[in-house]
Amino acid sequence: MAESKALTTRAADFSAWYNEVIARAELADYSPVRGCMVIRPNGYAIWEQMQQALDRMFKDTGHQNAYFPLFIPQSFLSREAEHVEGFAPETAVVTHGGGKELEEPLVVRPTSETIIYSMYAKWIQSYRDLPVLINQWANVVRWEMRTRLFLRTTEFLWQEGHTAHATEADAEAETRQMLGIYRRFAEEWMAMPVITGRKTESEKFAGALRTYAIEALMQDNRALQAGTSHNLGQNFARAFEVTYQTAEGSIDYVWNTSWGVSTRLIGGLIMTHSDDSGLVCPPRLAQWQVVIVPIHRTDEERTGVLEAAGRLLGELRAAGIRTHLDAREGMKPGAKYYEWEARGVPLRLEVGPRDVAASTVMLARRVGPKKESVPMSGLPARIHSEMAAMQDALLAAACERREAASLRGATREEFVERMQGVGGFVYAGFCGRASCEAEVKEHTKATIRVLPDEEFRSAEIPATCMWCGGASVAEAVWAKAY
RNA sequence: CGGGACGUAGCGCAGCCCGGUAGCGCACUGCAAUGGGGUUGCAGGGGUCGCGGGUUCAAAUCCCGCCGUCCCGACCA
């Protein structure tokens, strides 16, 4: 009996476990449309928390939100050679409208560079118009062959920032700044440690000069690209004639950047922290940070307990803590506990007659030490410190798991063994040749996730390429990826 | 597009080999007791057995065709 209620264990079948966590927490569901996901209220609530935090960070760095069309004339995509090559195979195309065949088919945006830069061409005349710092919250469509809830769906929600600058240095600074914001968000809000770094040519965005990314390691030791920031150079400016007059009077193309994170982050959140009881959500992103479960038998107990629980609810909410009172009748407390655990609520307060009599409350944590009786007075402060501790503990635990699954300075044999076995991040010397990178992928399925930033590099960078033995030009972080 | 499996109640499945009145678990509805870690009992609602054709007195079951889904590979935030 009991076994049938336990989740598929993580180690046994990570994929089945992942789907079960999502189902139990009621985060998302498959839709009637193949490859498209329905994000249920519980899942969307996490996205809303993410949106709020990110939006604040964007606005603090001078960005504004705007909105551009869903449809893009097919010819727009073709204007940038690399871009069309990268995205054409995975677009959905509208050929009919109003009952008639369209003169020019419309692509459902896989990303919005082309439509946005066609507008920037109109908006930008002078160096005084720069920089343009715009973000859009939108949905995009990419016709992927195989899909997976949150990680790769035909349609997904994201934000895409698109900026235009007067100089290459400004664009590069913006690209790096936004990468830094993504890193901070991942660490401080999601409690998900990431490696920042640059992508190789083969992994960079179609049409970009340089792509940077944050890469996280999931509990099954596969890597997840969690956010990207691209320096587009003048590639799109040339394609869309986005020019401006400099202070000196000459005409120049602008320098663009684009950067984005998507609902994929929710998948990353799940695969980073959750356990065999279901979702584990870091307090800062939780829809409900605290849920109060009242316990009572008689009507008399019920009145007293609900009165106390209601008072606590008010106090916690007044202290800015997202609190829910689960006063559902006809459901045993134990059943509620399991439900809220599966949904990832960080803290649970159990309020029963004995607690009311003693002016205490039972505090149960989603992770860490289990239950503890605490005084009702001063509860909001206690909850705040509990949440802060949990947020830190989750990040620390994730860092620890990542380090345990990281291997530095591996030989070719050790590398192959790792990739065929436990997986994880392998730091190794890289000769910089695309052919070498491709050969590794063919043999091991592993790819270079990033050429890590200085802060993440090994103290001693290997002198030779792990694979071919040639001179190494950089250190690479390899992994099998989602 | 190549290789494999499956399609029976909202979900998960049994029944098919060997044809004979549509079943189980979960979920749902009602009543009662229960209630500090997934309660129990009783009663109840819900199904064109993927679609079309064939064989037969009789098809979820056998035969033929079609459609769809999932898994493995090529694609990928």
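All chains are named by letter (A, B, ...) in the order of the sequence lines, taking the proteins before the strands, and each is independently numbered beginning at 1.
- Legend: salt bridge (Lys or Arg N to Asp or Glu O under 4.0 Å) pairs involving residues 363-377 of chain A, not counting sequence neighbours, sorted by first then second residue: A:D275-A:R366, A:E350-A:K371, A:R365-A:E372, A:R365-A:E386, A:E372-A:R382.
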Protein N or O to nucleotides 28-37 of chain B N or O, pairs below 3.5 Å:
unit_1: B:G36; atom_1: N7; unit_2: A:R354; atom_2: NH1; d: 3.4
unit_1: B:G36; atom_1: O6; unit_2: A:P353; atom_2: N; d: 3.3
unit_1: B:G36; atom_1: O6; unit_2: A:R354; atom_2: N; d: 2.9
unit_1: B:G36; atom_1: N1; unit_2: A:D355; atom_2: OD2; d: 2.4
unit_1: B:G36; atom_1: N2; unit_2: A:D355; atom_2: OD2; d: 3.0
unit_1: B:G37; atom_1: N7; unit_2: A:K371; atom_2: NZ; d: 3.1
unit_1: B:G37; atom_1: O6; unit_2: A:E341; atom_2: OE2; d: 3.4
unit_1: B:G37; atom_1: O6; unit_2: A:R348; atom_2: NH2; d: 2.6
unit_1: B:G37; atom_1: O6; unit_2: A:K370; atom_2: NZ; d: 3.1
unit_1: B:G37; atom_1: N1; unit_2: A:E341; atom_2: OE2; d: 2.6
unit_1: B:G37; atom_1: N1; unit_2: A:K370; atom_2: NZ; d: 3.4
unit_1: B:G37; atom_1: N2; unit_2: A:E341; atom_2: OE1; d: 2.7
unit_1: B:G37; atom_1: N2; unit_2: A:E341; atom_2: OE2; d: 3.3

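- Taking the salt bridge (charged side-chain N to carboxylate O under 4.0 Å, His left out) definition, one finds that A:R184 meets it with A:E188, sequence neighbours left out.
- Residues that satisfy the ring-ring contact (aromatic ring centres under 6.0 Å, His included) test with A:Y427, not counting sequence neighbours, are absent from this structure.
- Within 4.0 Å of A:E144, counting heavy atoms only, lies at least one base atom of the nucleic acid.
- The nucleotide B:G7 finds its pairing partner in B:C67, both defining distances of the Watson-Crick or G-U wobble pair being shorter than 3.5 Å.
- For A:R148, there are no salt bridge (charged side-chain N to carboxylate O under 4.0 Å, His left out) partners two or more places apart in sequence or in a different chain.
- Residue pairs meeting the salt bridge (Lys or Arg N to Asp or Glu O under 4.0 Å) criterion with at least one member in residues 328-343 of chain A, sequence neighbours excluded: A:E26-A:R343, A:R302-A:E329, A:D326-A:R328, A:D326-A:K336, A:R328-A:E339, A:E339-A:R343, A:E341-A:R348.
- When heavy atoms are screened at a 4.0 angstrom cut-off, A:L151 is found touching base atoms of the nucleic acid.
- Residue contacts shown for A:S15 are absent, as no nucleic acid heavy atom lies under 4.0 Å away.
- Applying the ring-ring contact (aromatic ring centres under 6.0 Å, His included) test to A:Y482 and every residue at least two apart in sequence or in another chain returns nothing.
- Nearest heavy atom pair, residue A:K480 against residue A:T444, reads CE-O, 3.4 Å.
- Residues from residues 260-273 of chain A placing a heavy atom under 4.0 Å of any atom in RNA chain B, listed by number, are A:S262, A:R264.
- Every pair passing ring-ring contact (aromatic ring centres under 6.0 Å, His included) that includes a residue from residues 194-224 of chain A is listed here, sequence neighbours excluded: A:H83-A:F205, A:F87-A:F205, A:F205-A:H230.
- The stretch residues 200-216 of chain A has no heavy atom under 4.0 angstrom from RNA chain B at all.
- Scanning for ring-ring contact (aromatic ring centres under 6.0 Å, His included) contacts around A:Y337 gives an empty result, with sequence neighbours left out.
- Of the nucleotides present, B:A32 is the one that pairs with B:U40 by Watson-Crick or G-U wobble criteria, both distances under 3.5 Å.
- The ring-ring contact (aromatic ring centres under 6.0 Å, His included) check on A:W143 picks up nothing, with sequence neighbours excluded.
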